[in-house]
Amino acid sequence: MPVALIGLSHNTGAPVALREQIAFTTPGALERALRRLRASLGDACEIVLLSTCNRTELYVAAPEEIPAGTLADALLAARDTPLGADLHPFLAERRGHRAAEHLFRVTAGLDSMILGETDILRQVKEAYSTAADAGVCGRVLNPLFHEALRVSKRARTETDMGRGAFSIGHAAAEVARNIFGAGQGRTVLLLGAGKMSETTARHLTAAGATSVLVANRTFDRAARLAETLNGRAIHYDQFASHLARTDIVIASTAAPHPVVTKAMVADALRHRRHRDPLFFIDIAVPRDVEAEVGDLPDVFLYNIDDLRRLVDEDLAERRQRAARAEAVVREEALAFAARQRIAQTAAPLVSSMRAKMRTNTEAELVRLRQRLSHLTDDDWRAIEASFAAVENRMLHDPTAKIKEYAAAPDPEHVAARMEMVRELFGLEPSSGADVE
Amino acid sequence: MTGSAAVLGLTELFYLIGAVLLGANLFLRRSALLVTGRGAAIAGVVLHTVSIGLRCAELHRAPFTTPGESLSLLAWVVALAYLGTEALWRLSAAGPFALGLSFLLVLLGAASRSAGTEAGGANAQLLASNAISLHITATIAAVAAFALAFCCGALYLIEHHILKSKHGLTWMKRLPPLRTVETAAFTLVAVGFPLLTLGILSGLVRALGGGLPHGWQTDPKALLAYTVWAVYGAYLLARLALNWPPVRTSYVLLVGLVLCLLLFLVPSAAHRFG
């Protein structure tokens, strides 16, 4: 069964307004869509629907090729509500090994808006497991998605594609990991309760920070944010007294002048045990932390520009690694296509060759039984085993050769060789097995 | 060439391979390099253990009576201590330093033997004293711990510079976290310092028992050992009581290692067993 893909993403030019409309991201939407797709495309079809904020892609394996228009209509009809926009100019279609290669690229993060991001891996896994749970995956899409997850892992491991910072918050968490290590309980103090400091704090808590303090001019807002972060709100005018017991400070107030001074930090350092490092993340503009704070020993001060530069450096490095990851994906896609060709063309041919040989052998054995009726059951078992061994030996080399022919990249060449083998062994003519 | 010397030659090769592979891993970040480097370090330590055992059997005495043998023993303890820190803190970044140091120490030991400075244990009966055995073993183990603490101190200074300057942070990802390196340095000194104290005390006990050359009280090696003890004592005091910043205490570790090397290289009449 050939695999077809139809879908849209930021890379097909689909604007965000359209991407968010078509996305099947509400609870239960994906399951309902899969049921509708199965109903419209037929029970013999295998279906996986990958839908994220940046892409919606329909993977289908069907006994007969389904036109792109039919797939697009089925995708639109799978929605809970009609789409009030024209989808067709933004749809991309891929078939056969190109569909497989695309899925490998997507899963490896090579097609992502943020190159190399790892969220997509989880999203592909979820899309596949939803389809598997719904019973709409089978012998074609199961191996394809398993392979995509394996290839993604290989590409990421061999090229370090997933490493580095993807955002300001991520960059701050990376620097914190360089200073304190992962999985170590650290205290984070948030000065200001803005969205960016919250995001950064979430990255840090994910990286091992266990205690969060929030100080904001409006105490209620600090309390609300502290609650969402499982932290504790403190009064803004008391934050200086908490610096000595803090490891990481995220400053993002709207103050027009620095709120953290060198004298304040120097005083806090005198009261710290074993002079643990102190890390300031100043993401406020204008800056919240005096630049001179960075001159103090074992105090590390990173402002928004420093963190942005880290993100840019990591992106540049990921772009270099992406070229290597692309090569891994291409190599794996070719190997997968070759294995598919073997499965689709060589396997039926080998089994019909073996069946013909078996039929001839059994006919010969019947004749022998009539002529040599004096032989015992043990003798016949030995003769049958010998015949089977001869069969296997005779078919070993042709089987290997057929698999070799089937792995060739050119479909016409493969078809010609398969026809030659059929003629050679007097097998039934080709039923038009797909060699894509 | 004796059996122990042949195995020691192989050991040297494995230390060098380990240092090179772990060093390459810092730049290339390939898990194959890390695994092979660790394997080479383990193979080096195992072969070194065999070599020391063979040397014992060949000489029928403890194999640390000469400067060459002491250096070889020190190299073994440094490599062994590195494997310990690797297991405890995943400090593979210290591998190139530690295994490189072990390689150099074995090389220096071999050079010392071929230069004919080895006398061969004529006074080996001196080593029958428990105090002397304890003196040598504890001192060598202490110096090995200090050598590794130096590796951690050097790493700390490099990482501190990178984090302060904000340049080369991509490279920093290949190194252990700053806090881990500082903790490892402190723990190694905290282990090494009592060992050195034990080494010095057991040496004094043996010296007071008599039989040493006149003027052993002012023996350069003994005086240097007191200085090393004072330097690492000062490190612990600064770290635990004076609240010195780690960047300053790391420099103390650098000074300490230079003194430790001098401790092994300085000629001494009271410390010749051969």
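All values reported here derive from a predicted model rather than from experimental measurement. First the proteins, then the strands, lettered A, B, ... as listed; each starts at 1.
- Electrostatic pairing of A/Asp305 and A/Arg308 does not count as a salt bridge here, judged by no charged N lying under 4.0 Å from a carboxylate O.
- Using a 4.5 Å cut-off between heavy atoms, A/Ile179 touches chain B through backbone and side chain atoms alike.
- A 4.5 Å side-chain heavy-atom check between B/Leu263 and B/Leu259 finds every atom pair outside the cut-off.
- Looking at A/Asp306, the atoms closer than 4.5 Å to chain B (heavy atoms on both sides) all sit in the side chain, from C-beta outward.
- Proximity to chain B is limited to the side chain of A/Arg309, based on heavy atoms less than 4.5 angstrom apart.
- Looking at A/Leu296, the atoms closer than 4.5 Å to chain B (heavy atoms on both sides) all sit in the backbone: N, CA, C or O.
- Ion pair A/Arg186/A/Asp276 flagged as a salt bridge, since at least one NZ, NE, NH1 or NH2 atom sits closer than 4.0 Å to an Asp/Glu carboxylate oxygen.
- Interatomic distance, OG1 of B/Thr36 versus CG of B/Leu22, reported as 9.0 Å (0.5 Å rounding).
- With a threshold of 4.5 angstrom between heavy atoms, A/Asp295 approaches chain B through N, CA, C or O but not through any side-chain atom.
- Of the listed residues (B/Glu159, B/Lys166, B/His160), the greatest number of heavy-atom pairs within a distance under 4.5 Å of chain A belongs to B/Lys166.
- Of the listed residues (B/Leu242, B/Thr249, B/Val247, B/Leu163), the greatest number of heavy-atom pairs within a distance under 4.5 Å of chain A belongs to B/Leu163.
- Using bins of under 30°, 30° to 60° and over 60° for the plane-to-plane angle, the ring pair A/Phe279/A/Tyr302 lands in the perpendicular bin.
- Of the atoms belonging to A/Glu158, it is backbone heavy atoms, and not side-chain ones, that fall under 4.5 Å from chain B.
- Geometrically, B/Arg239 engages B/Phe186 in a cation-pi contact, judged by NZ or CZ lying under 6.0 Å from the ring centre and within 45° of the ring axis.
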